[in-house]
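Each chain gets a letter, A, B and so on, in the order its sequence line appears, and its residues count up from 1.
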There are 2 protein chains.
Amino acid sequence: MTKRATTKDKILDAAEVLFAEHGFKQTSLRQITAEAEVNLASVNYHFGSKKALIQAVMARYLEVFMPSLATELTQLDAGFSTRDVFECFRTPLAELRHVRKHGPTLFLSLLGYAYAEIQGHLRRYTMDQFGDVMALLLDTLHQANPQLSPIDMFWRLHFVLGATVFAQVSGPALREIAAADFGEAVAADQVIDRLIPFLAGGVDATVAE
Amino acid sequence: MTKRATTKDKILDAAEVLFAEHGFKQTSLRQITAEAEVNLASVNYHFGSKKALIQAVMARYLEVFMPSLATELTQLDAGFSTRDVFECFRTPLAELRHVRKHGPTLFLSLLGYAYAEIQGHLRRYTMDQFGDVMALLLDTLHQANPQLSPIDMFWRLHFVLGATVFAQVSGPALREIAAADFGEAVAADQVIDRLIPFLAGGVDATVAE
DNA sequence: CTAAAATTAAAACGCATGTTTAAAATGTAC
DNA sequence: GTACATTTTAAACATGCGTTTTAATTTTAG
C-alpha cells in the first residue's frame, strides 16, 4: 500500500506546479504552503531555504532525465542524423511521467524559468551536476553536423534550448490561442512532435555565407 | 542644441537598461530612480505606476519597430523565401539605434522578458496595439511556405520567437561562455547573423509524417 | 508508560516593495 | 514681483516577502 504523503512531498508537489506556472521568484512560500496545506515554517524546516527547495524540485527531474538522455545519446547507431539526436529526447521526457503525472510538461516549464530568471545558483547547480551531459549533447550534435564549426554548433544548441523552453513556458497560453484560432486542441505532448522537425531543420541549415 | 534631459527621459533611459538586464518584476523603482538620479516618487508622478512605466518603455521601441517591420514585409518581391522574410527584421532592428545607442539589443531583451514574465497587461498591450503586424508576419511566412498548414505555421512562428528571445535574454551570458570556450568574442549584432539561417531552416523543415 | 527526539504550529522579525501624502522648491505668466 | 501651477523632495504607509523563534504537538525508543 502507498504511504500517506509526507509534508516534504506535499511541499515538493505543490511547489513544482506553482513554479512551473509562475516562475521561481514570483512564487511565494506562502502560496506553496497554502496549496500544500502545510505550515509556512515547514519549508525552512525541511529544506533550509527557498533556494534549496528550488534545487530539490529540479533535482527530482534532472536526476532521472539527464542520465537517461546520456544513455540514449550514447546508444545512437552510426550515421545518425540531427533529427535522430532530437528523437533521443522522447524517451527521457516520457520517463518523467513516472515521477509525476505531468512530469514532462512540468520539467520543461521549470527548465524554461530556470533559464529566464537568470538564477545564478540554479544555472551553476545544473552545469556542475550535468555539464557532462550537455557536453555530450553538443558533441553528438556536432557529429551529426561535422560541417558546422564548434562555435556555430554552440549557438545553434542554445537557439534550440530557447525555442524548446519557450514553447513550453508559454505553452498553455499558446495552446489556448491555437485552439481558439484553429478550433484544434493540441495536447502538450504533441507540441514536441511539431518541435522536433523545426529544431532539426534549424540545426541542419546551411550557415550564412 | 540638445535640451538637458528631463526627469521623465532620465527615468525611461535608466529603466530600460535595468529592465533589459534583470527583467521587469525584478527591477525595483528604487534601483531605477537611484540610477537615474531622480526622486523615488517621480516615477508615480510622471507615469502613474510601475506598470505604466513598463508600457512607456516598450512603447518607445514598438512604435518605431512595428510599423517599420510592416513596411519591410509589404515591400517583399514576389517569390520571396523564408530567409527573405527574416531578413526583413534587420532594418527595423537597426533603426532602433536611433532611439538609443544599444536599442536593438535592449529591445530584444525587453521583448524576451515581456514574454517570459507572463505580464498579462504587457501581452495584452502588445497584441492590442500590434496584433495586425503579427498577423501580417504570420501571413507572409505562410506565403513563403504554402505547404505548411496554418496551425503548423502558427507553432513555428512561436518557436522562432522563443529562439530569438531566449538568445537575446541569455545573450550576454552566452557570449561570455562562447568567448571563454572558443576564444572568440561575438558582438550582439552578429548573433542575428547566426540566428537567421537557423530560423529559416526550422521554418522550412518538412513536417513530421 | 515515559523520556527524548522529531515535527508542526503560530507569531513575530527585519527587510524590500509600490504607492501616497504633504511640504518645499522651482518654474511660469501677468 | 507677485500669484499660480508644476515639479521635486522626504517621509511615511500598507503590504508581502523569506526567515527565525518559541512553544505545542506528535512520533519514536527503551
Pair [X] + [Y]: basic N to acidic O under 4.0 Å:
{"X": "A:Glu37", "Y": "A:Lys10", "result": "no"}
{"X": "B:Arg90", "Y": "B:Asp193", "result": "yes"}
{"X": "A:Asp13", "Y": "A:Arg60", "result": "yes"}

Counting only side-chain heavy atoms from C-beta out, which of [options] sits nearest to [X]?
{"X": "A:Leu40", "options": "C:dA9, D:dC17, C:dA12", "answer": "C:dA12"}
{"X": "A:Tyr45", "options": "D:dG18, C:dA9, C:dA6", "answer": "C:dA6"}
{"X": "A:Lys50", "options": "C:dA10, C:dG18, D:dG18", "answer": "D:dG18"}
{"X": "B:Ala41", "options": "D:dT7, C:dT17, C:dT21", "answer": "C:dT21"}

Separation of [X] atom [atom1] from [N] atom [atom2], in whole Å?
{"X": "B:Ile11", "N": "D:dT9", "atom1": "CD1", "atom2": "P", "result": "10 Å"}
{"X": "B:Leu29", "N": "C:dT20", "atom1": "CG", "atom2": "C1'", "result": "13 Å"}
{"X": "A:Asn39", "N": "D:dT20", "atom1": "CG", "atom2": "P", "result": "15 Å"}
{"X": "B:Lys8", "N": "D:dT6", "atom1": "NZ", "atom2": "C1'", "result": "13 Å"}
{"X": "A:Ile54", "N": "D:dG18", "atom1": "CD1", "atom2": "C1'", "result": "11 Å"}
{"X": "A:Leu18", "N": "D:dG18", "atom1": "CG", "atom2": "C1'", "result": "16 Å"}
{"X": "A:Leu53", "N": "D:dT19", "atom1": "CG", "atom2": "P", "result": "10 Å"}
{"X": "B:Asn44", "N": "D:dT8", "atom1": "CG", "atom2": "C1'", "result": "14 Å"}

Practice item. With heavy atoms under 4.0 Å as the rule, sort A:Thr27 into base, sugar-phosphate or nothing. Key: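 Here A:Thr27 touches the backbone only, sparing every base.
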Point to revise | Aromatic plane relationship, A:Phe107 with A:Phe65 - under 30° parallel, 30 to 60° tilted, over 60° perpendicular | key: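 Aromatic pair A:Phe65/A:Phe107 classed tilted.
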Review point. Aromatic rings A:Tyr113 and A:Phe24: how do their planes relate, parallel, tilted or perpendicular, breaks at 30° and 60°?
Key: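 Correct class here is perpendicular.
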**Study point:** Base D:dG18 to side chain A:Arg30, donor-acceptor N/O within 3.5 Å cut-off
**Key:**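 Such a pair is found, so the answer is yes.
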Within the pair [X] and [N], is there a side-chain N or O less than 4.0 Å away from OP1 or OP2?
{"X": "B:Ser49", "N": "C:dG18", "result": "no"}
{"X": "A:His46", "N": "C:dT8", "result": "yes"}
{"X": "A:Ser42", "N": "C:dT8", "result": "no"}
{"X": "A:Ser28", "N": "D:dC17", "result": "yes"}

